[in-house]
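Worth knowing before you read on, the calculation uses all heavy atoms, side chains too, and leaves out hydrogens, waters and symmetry mates.
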Amino acid sequence: SIAIVMLAERLAQLQQRSRLLLLVAFVVALALNAHRVWQAEDACSLLVRGAKTEFTRWLYRGHWHNTAWMPTGCALAAWPPHSVASCLANGTLEFVGDSRVRMLFHMTAASLEPTYSPPHNARHEDQLFRSRGVTLRFRWIPHLNEPALHTALQEWKAHPPVAVIHSAGLWFLKNEQGTAALKHQFDELLVQVDRFVHDTGVPYIWVPLGDVKEDLLWETRKAITSRRVAEFDNYVLTTAKPSHVIVLQSAVDMYQQGNAEVTMTSDGLHYHPVLQNALKNVLLTQLCREHIPATSSLCCSPAAAQSYKLQPLQYFAAVVFLLCLAGHFFLPPTTANTEPSATTNKTISLSEWCKHMSLVGVVMLYIRLCDRTPLFLKASKEYNPVHLALLLLAVTLVGLLTQKPTDSTVLLHRQQTDEWKGWMQLVILCYHYTGASQNLAVYVWVRVLVGAYLFLTGFGHFAYFYHKANFAWARVAQVLLRVNVFTVFLCVVMGRTYQEYYFVPLSTFFFLLVYLSMLLLRGWNKSLSLVTLKLLLLFPLSAVFWWEHSGTRPFFDAFFSLPGFFQLFQEKGSIREWYFRSALDRYAWCFGMLVSFAAIQLQSRWKSSTSLYTAGAVVAAALVVVGYVFFSAHCGSKPECNAVHPWSSLLLLLAYVVLRNSVPLLRNTYSPWMARAGQMSLELFLGQYHMWLAWDTKGLLVLLPGFPLLNFVLTSGVFLLCVQVLWRSLGVVCDFLLAEDGKSPRLALFLGGVGVAWCVAQLEL
């Protein structure tokens with residue numbers, strides 16, 4: 001205990017210093033990214049041409065993750081045959097050079113025709129391939145000064161191809177000729193090619209030689225050394241920059257970042273199929289930008305530039321936040337409201353409200369810069385079970401090392417439920433950051449955590465309505481406003497639909513179900529038997545409402561197809577995703593209400609007992625956990641796991657409640673740090689979308705490129721700081737809008753503004 005107290009004091013002393021270090025690191029990262037934008041180096045140009053200086057080339061280099069090439073700032077699109085055919089339709093793609101380019105030619109042919117098999121007796125010959133209206137031609141020209149290359153240039157002027165892919169020089173080095181002569185030949189070629197591209201506009205892409213594995217080279221190839229190859233590649237990169245020739249810098253990065261298993265074959269010279277495929281994808285990304293799917297995470301996607309444009313709704317939001325900023329500085333601080341808020345007795349001045357709205361506006365500006373501008377790069381998620389385990393271990397240690405006595409010993413009291421929300425939210429953050437959804441067992445457990453939030457929604461709100469019998473508008477407005485206000489800001493600023501922040505619609509909808517369940521037949525709430533009957537009836541009613549047969553959902557679809565509901569809960573013109581998410585936990589909310597009611601009835605017994613349950617209950621709960629571990633490890637697929645989740649997760653939730661409160665040591669201690677995270681769980685969940693993750697959770701935000709660990713620390717620190725600001729400021733914003741009697745005209749004005757914004761959004765759509 002003494003050690004924990006000393007640690008807490010030390011952390012408090014370091015807090016101010018750490019914030020200063022965080023600010024300095026963020027300013028440095030901002031300067032680096034601003035310089036990159038000023039140099040016009042976006043993710044697409046970095047992918048193909050690379051950065052302009054040696055330092056930035058190193059800083060923004062891509063890397064390998066298993067057998068996938070991960071470029072800086074974006075993700076490579078997949079190129080199925082129909083996409084390749086659509087891009088190159090009725091055109092010819094020319095490949096010129098030696099055996100390395102020939103292998104790239106074969107890989108591109110296999111993209112058009114998956115059953116394609118390279119010919120075995122055409123090594124040093126020209127090759128032609130036609131499929132789906134596309135022509136691929138390989139010209140065997142291993143030297144840079146061959147007459148065949150000059151002839152080809154003349155042919156291309158008369159009949160321009162889609163593009164030319166060229167690489168050569170290894171045969172020159174193989175014959176033990178110096179790089180000086182090879183450089184001279186490249187200079188002569190560059191003059192001709194530059195004139196050709198200027199006259200025809202045909203893209204001419206040069207693929208660097210990359211590297212060789214000297215110890216695996218044949219004796220006849222020993223003159224090809226890594227030093228000579230690198231010397232020539234560096235010369236090409238420098239010389240070709242002012243020209244129209246596109247040098248595929250990614251080829252060099254792929255060699256430098258990969259090991260022999262990924263980049264080479266057994267002869268030490270030729271591309272491994274993994275590298276060929278990555279190079280082919282980079283080439284097609286450069287040539288087929290207009291055919292890349294409209295997803296902002298993909299390299300060179302037109303959707304990325306489109307998402308940078310401000311819509312009228314974003315201009316409207318900017319004006320509102322600027323007016324609030326002006327109000328903070330020019331309104332007198334004594335302009336207090338005449339009525340206390342619904343959640344506190346403190347009166348809040350209009351100037352103070354404007355201050356906190358301005359702080360929210362600053363964070364929203366940062367969110368917009370992170371995920372809707374090219375200022376900061378993004379990275380693809382790379383699932384690694386070790387990384388996930390380390391993050392979960394860190395969360396566990398924080399929870400264990402910050403334990404302190406609780407103020408209450410009741411079952412699932414406020415501190416305990418806040419702690420529960422907190423560690424669950426941190427686990428969900430780790431799950432999203434590491435891309436662990438591809439691990440089925442982890443996915444199954446995280447699905448239970450989402451259900452646990454809805455369980456606590458039913459548990460907490462039932463207790464309030466049961467004890468207070470307060471069904472006034474003020475209570476409903478308070479909950480709905482607090483849960484949805486950040487989401488409203490995000491929808492406006494980021495141009496996303498309400499349903500895309502799925503957790504908030506779930507919380508809102510199930511809170512309203514709890515409210516209506518307690519409001520209707522409220523007289524039953526005073527009778528033990530009748531309220532029990534009401535709670536039990538909720539289960540079959542939920543089953544009927546979410547009932548699906550042969551792909552039809554009569555009751556669910558009928559309700560959510562009503563005007564207003566469909567627009568609110570749709571995603572990409574369909575409510576299928578909303579049905580999937582809400583149906584998974586359709587019993588969690590009413591189960592939470594039932595457990596809350598049982599806890600209230602047995603409260604006196606709990607207070608007079610050192611142990612809440614019999615040994616049999618604890619053993620049964622432990623067996624449920626063990627059984628769920630076995631189930632998650634052996635579940636065959638997501639549909640199979642999800643089929644039993646609605647009821648199986650309830651057993652696990654009950655088991656957690658039993659084990660967490662089984663003995664006084666567990667029941668009477670909690671982690672304040674986890675509880676604070678639980679209080680901010682809404683801001684943590686929503687904020688991660690755009691200022692910790694990126695591409696609307698599909699990728700990771702990169703503030704400090706080139707240093708993954710430091711970037712994780714920096715983005716996490718800034719993210720947590722912004723979450724704290726949002727938590728405090730949004731609380732003040734909501735308190736100001738709600739008067740104690742729920743009749744504040746400010747709330748009506750705010751809701752009216754939201755309604756206007758929603759109408760503007762519909763006009764945009």
Exercise. Does the D42 side chain pair with the main chain of L377, one donor and one acceptor, at a distance under 3.5 Å?
Worked result: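 Side chain of D42 to backbone of L377, a donor-acceptor pair under 3.5 Å: no, none is there.
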
Do [X] and [Y] have side-chain N/O donor and acceptor atoms under 3.5 Å apart?
| X | Y | answer |
| --- | --- | --- |
| S86 | H291 | yes |
| S167 | W206 | no |
| S99 | H270 | yes |
| N439 | Y383 | yes |
| E571 | T497 | no |
| D187 | Y235 | yes |
| E188 | H184 | yes |

Sorted by chain and residue number, the side-chain contact (heavy atoms from CB on, under 4.5 Å) partners of A317 (sequence neighbours excluded) come out as F321, V492, V493

side-chain contact (heavy atoms from CB on, under 4.5 Å) filter on H159, not counting sequence neighbours, yields none

For residues 197-204, tabulate all N or O donor-acceptor pairs below 3.5 Å that involve a side-chain atom, not counting sequence neighbours.
{"from": "T200", "atom 1": "OG1", "to": "F196", "atom 2": "O", "distance (Å)": "2.8"}
{"from": "T200", "atom 1": "OG1", "to": "V202", "atom 2": "N", "distance (Å)": "3.3"}
{"from": "Y204", "atom 1": "OH", "to": "H166", "atom 2": "ND1", "distance (Å)": "2.7"}

Determine, step by step, whether Y433 and F712 satisfy the ring pair (Phe, Tyr, Trp, His ring centres under 6.0 Å) criterion, reporting the C-alpha distance in whole Å, the side-chain angles of both residues, the deciding distance to 0.1 Å, and the verdict. CA-CA 10 Å; Y433 194 87; F712 171 75; 5.2 Å; yes

In residues 282-289, what donor-acceptor pairs under 3.5 Å come from side-chain atoms, sequence neighbours left out?
{"from": "T285", "atom 1": "OG1", "to": "N281", "atom 2": "O", "distance (Å)": "2.7"}
{"from": "Q286", "atom 1": "OE1", "to": "R289", "atom 2": "NH2", "distance (Å)": "3.0"}

Sequence neighbours left out, what pairs pass disulfide (SG to SG under 2.5 Å) with at least one residue falling in residues 29-61?
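Every disulfide (SG to SG under 2.5 Å) pair that includes a residue of residues 29-61, provided the two are not neighbours, is C44-C300.
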
For residues 70-98, the salt bridge (Lys or Arg N to Asp or Glu O under 4.0 Å) pairs (sequence neighbours left out) are E94-R137, E94-R139

Geometric cation-pi criterion K698 and W695, 6.0 Å radius, 45° cone
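No, cation not above the ring by the 6.0 Å, 45° rule.
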
